[in-house]
Amino acid sequence: MLNRRIVLKALGLTAGLAATGKAFGAAPGQAAAAAPAPAPTGPFTLPPLPYAYDALEPQIDGTTMHLHHDKHHAAYVNNLNAAVANYPDLAKKSVDDLIANLDTVPEAIRTAVRNQGGGHANHSLWWQLLSKSGGAAPKADLAKDIDATFGSFSQFQEKLTKAAMGVFGSGWAWLTLGRDGKLQIGGSPNQDSPLSAGRTPILGIDVWEHAYYLKYQNRRAEYVSAFFQVVNWDYVSGRYADAKGTVKS
Ligand code: MN3
């Protein structure tokens, strides 16, 4: 103790130690230093995977799904909750509302909401976009509008694949609907959501390496090709119909 006090004094720290009595842990009989606050468990929550972890095999393996959902998506949710912990008004909003209106989010947490909220929103959508039994192709209005916009379903696939291959580093490729009622294909970096640009995501491909590296390593093209075999076109077509219903003509 004497030696430590001498060292502390030499460092000019004894005053601080005396004031708090907590530096370097409490001595027996003294009050223990407060434990770090536990991570908040809300208001945002991790949605359960809507199917078994191995439901998309062999195209997307169960180990990747476990890590992707239980670790990566969970981390976005936890970090988003931490970011909004001191902002009760924001905590009442939906994550889509937050990232669609980033300019209304206080600057101190805007980047955190953009990244972590974007990650939460994008992944909540991602699980729903996938299925082994969601049909082979778009249906109804989506089928018709894809043909009208991109020429054909195969030309659409080519263009979305190109966008996915063109994302440098981590990000997403998207089919989105604009307020003008037009479909568009594009990419976004990191966890940026089309919602922040005023566009509704209809279909997306997660091209972060965490989405495919265990099975496909550096072969992103193989992963993108496999992705097209597990798109839930029933859901995506319905999603498009809903989104189109909200577009003002
Ligand atoms: Mn991901």
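Both ligands and their constituent atoms are indexed starting at 1 by order of listing. The first residue in the sequence is number 1, and the count goes up from there.
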Quiz item: Under 3.5 Å, is there a donor-acceptor pair between the side chain of D54 and the main chain of E57?
Solution: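 It does not hold such a pair.
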Quiz item: Can you tell me if H123 has an N, O or S atom under 2.8 Å away from the Mn ion (ligand 1)?
Solution: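 Within the cut-off used here (under 2.8 Å), H123 does place an N, O or S atom near the Mn ion (ligand 1).
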Exercise. Taking both backbone and side-chain atoms into account, decide whether H68 has an N/O/S atom under 2.8 Å from the Mn ion (ligand 1).
Key: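 A backbone or side-chain N, O or S atom of H68 is under 2.8 Å from the Mn ion (ligand 1).
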Quiz item: For the Mn ion (ligand 1), what is the closest N, O or S atom on D206?
Solution: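 Nearest to the Mn ion (ligand 1) within D206's N, O and S set: OD2.
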Quiz item: Is any side-chain heavy atom of Y213 closer than 4.5 Å to a side-chain heavy atom of W208?
Solution: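 With C-beta onward as the side chain, the pair stays apart.
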Quiz item: What orientation do H120 and F44 show, parallel under 30°, tilted 30 to 60°, or perpendicular over 60°?
Solution: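 Perpendicular: the ring planes of H120 and F44 meet at over 60°.
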Quiz item: Can a donor-acceptor pair be found between the side chains of H73 and H68 at a distance below 3.5 Å?
Solution: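 No, no side-chain donor-acceptor pair sits under 3.5 Å.
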